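These figures come from a predicted structure and were not determined experimentally.
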Amino acid sequence: MSKKIIAVIAVVTIVFVSVFAACNKNDEGIYAKSDDFNLVTDENGEKILNDDGELLVYATDEDGDRIKNDKGEYETLAQQFQPIEDDGVIEDYGFKLTLPEGWKTTQQFGDFENAEKNQTAEVSIVKSTYEDYYKKSKEFYDRLSDQTLEADASWEEDVQLGEGFNKVCRLTLSNDEFASFTYFFENSNNVYFVLFDGPNSPTVIAESEAFCKAITFKPHTYYPELTSTTQAN
């Protein structure tokens, strides 16, 4: 891969991620496991979240024993949601991601890699309304397309990824060696950003779409203040 296309892709990444700060890129570290928490679960063993998407955990004493109230029921507490990885399934506040075959987490939340295929992917929720993010992203692409690059650039709208993926846009940068796909879309008033990079091949675009389709959505709005502002206007 030429140094010039690496530089272009780096610029695209910086612009698309930092136009509005992404929510899950603040801290480095491995994901938690469900077993790390004293979780409240339903009859099927599934974790229970409150209406705000926070984890419900049992209150415990200094010995780690669960505390009961006057009615003999176990006390529960709300705990801020932490990204969790269990058996190849990543659960974040606003989505779940079932990692496709060959994909693994990294030491950075939201970053994933397929070492065998030399592919990387990044998933974020962006602090922005969809309208603002679309406008700034499209303006950036229009400026980019007016430049002479060692890569082909294209912009697509209404890309079909399946149920829950609303208003999907895709920016593609590619040459004979490498391809980079930037997706953004909306669900539950969240703006999702996916960056997929890898060697160019006849299947790479389908592989990027398959990675996106491994995402399912949770009904929690990460930045409700943005929604309130939009509705007020």
Give a yes-or-no answer on whether the side chains of S208 and Y183 include a donor-acceptor pair shorter than 3.5 Å. yes
Donor-acceptor pair between Q82 and Y31 side chains, under 3.5 angstrom: no
Show the numbers, then the answer: is there a salt bridge (Lys or Arg N to Asp or Glu O under 4.0 Å) between D132 and K136? CA-CA 6 Å; D132 284 345; K136 291 186 180 296; over 6 Å; no
Are the side chains of E122 and V194 in touch, meaning some heavy atoms are under 4.5 Å apart? no
cation_pi(K167, Y130) dist<6.0 Å, angle<=45: yes
Could you tell me the separation between the CG atom of L49 and the CG atom of L39, rounded to the nearest 0.5 Å? 9.0 Å
Looking at side-chain heavy atoms only, is the closest gap between Q79 and V57 below 4.5 Å? yes
CA sep, side-chain torsions, deciding dist, call: S34, D86, side-chain hydrogen bond (donor to acceptor under 3.5 Å, both in side chains): CA-CA 7 Å; S34 291; D86 285 319; 2.3 Å; yes
If hydrophobic clusters are built from ILVMFWY residues whose side chains come within less than 4.5 Å, do I48 and Y58 share one? yes
With ring pair (Phe, Tyr, Trp, His ring centres under 6.0 Å) as the test, would you mind laying out the steps for F184 and F193 before giving the verdict? CA-CA 5 Å; F184 66 91; F193 167 95; 8.4 Å; no
Side chains of Q119 and W103, heavy atoms from C-beta outward: is any pair under 4.5 Å? yes
Which atom pair, heavy atoms only, marks the closest approach of N50 to H220? O-CE1, 4.2 Å
Run the side chain to side chain contact (heavy atoms under 4.5 Å, CB included) check on T105 and I30 step by step: do they pass? CA-CA 8 Å; T105 55; I30 60 173; over 6 Å; no
Taking atom CD1 of I84 and atom CG of L55, what is their separation to the nearest 0.5 Å? 5.0 Å
Please walk me through it: do I215 and V123 pass side chain to side chain contact (heavy atoms under 4.5 Å, CB included)? CA-CA 10 Å; I215 298 171; V123 182; 4.3 Å; yes
May I ask you to decide whether K96 forms a salt bridge with D92, counting only side-chain N to carboxylate O separations under 4.0 Å? no
According to a hydrophobic-cluster definition based on side-chain heavy atoms being under 4.5 Å apart (Ile, Leu, Val, Met, Phe, Trp, Tyr only), do L99 and F109 belong together? yes
Is it true that atom NZ of K104 has more than 12 heavy atoms of other residues, nucleotides or ligands lying nearer than 6.0 Å? no
Within-4.5 Å side-chain heavy-atom neighbours: E225 and K127: yes
With sequence neighbours left out, the residues meeting salt bridge (charged side-chain N to carboxylate O under 4.0 Å, His left out) with E156 are R170
Surrounding CD of E157 (heavy atoms of other residues, nucleotides or ligands, distance under 6.0 Å), is the total greater than 12? yes
Sort and list the pairs that fulfil side chain to side chain donor-acceptor pair (under 3.5 Å) and have at least one residue in residues 67-77, not counting sequence neighbours. none
Which distance, rounded to the nearest 0.5 Å, do you find between the CG of D111 and the OG of S124? 7.5 Å
Less than 3.5 Å apart, any donor N or O on the side chain of S201 or T203 sitting next to an acceptor on the other? yes
Sequence neighbours excluded - salt bridge (charged side-chain N to carboxylate O under 4.0 Å, His left out) pairs with any residue from residues 40-65: K47-E91
Testing Y93, F165, F95 for ring pair (Phe, Tyr, Trp, His ring centres under 6.0 Å) with F217, which one passes? F165
Any heavy-atom pair between the side chains of V168 and D158 that's under 4.5 Å? no
Between CG of N187 and CD1 of I125, what distance do you get to the nearest 0.5 Å? 9.5 Å
Can you confirm whether C169 sits close enough to Y134 that some side-chain heavy atom of one is under 4.5 Å from a side-chain heavy atom of the other? yes
Value for CG (L97) from CD1 (I90), rounded to nearest 0.5 Å, stands at 6.0 Å
Pair D197-S180, side-chain donor/acceptor within less than 3.5 Å: yes
Under 4.5 Å between side-chain heavy atoms, hopping through other hydrophobics if needed: is there a path connecting F196 to L161? yes
Is there a donor-acceptor contact under 3.5 Å linking the side chains of T106 and E113? no
Going by heavy atoms in the side chains, are N200 and D176 under 4.5 Å from each other? no
Reported OG1-to-CH2 distance for the pair T172 and W155, which is rounded to 0.5 angstrom: 10.5 Å
Parallel, tilted or perpendicular: ring planes of F211 versus F112, cut at 30 and 60 degrees: tilted
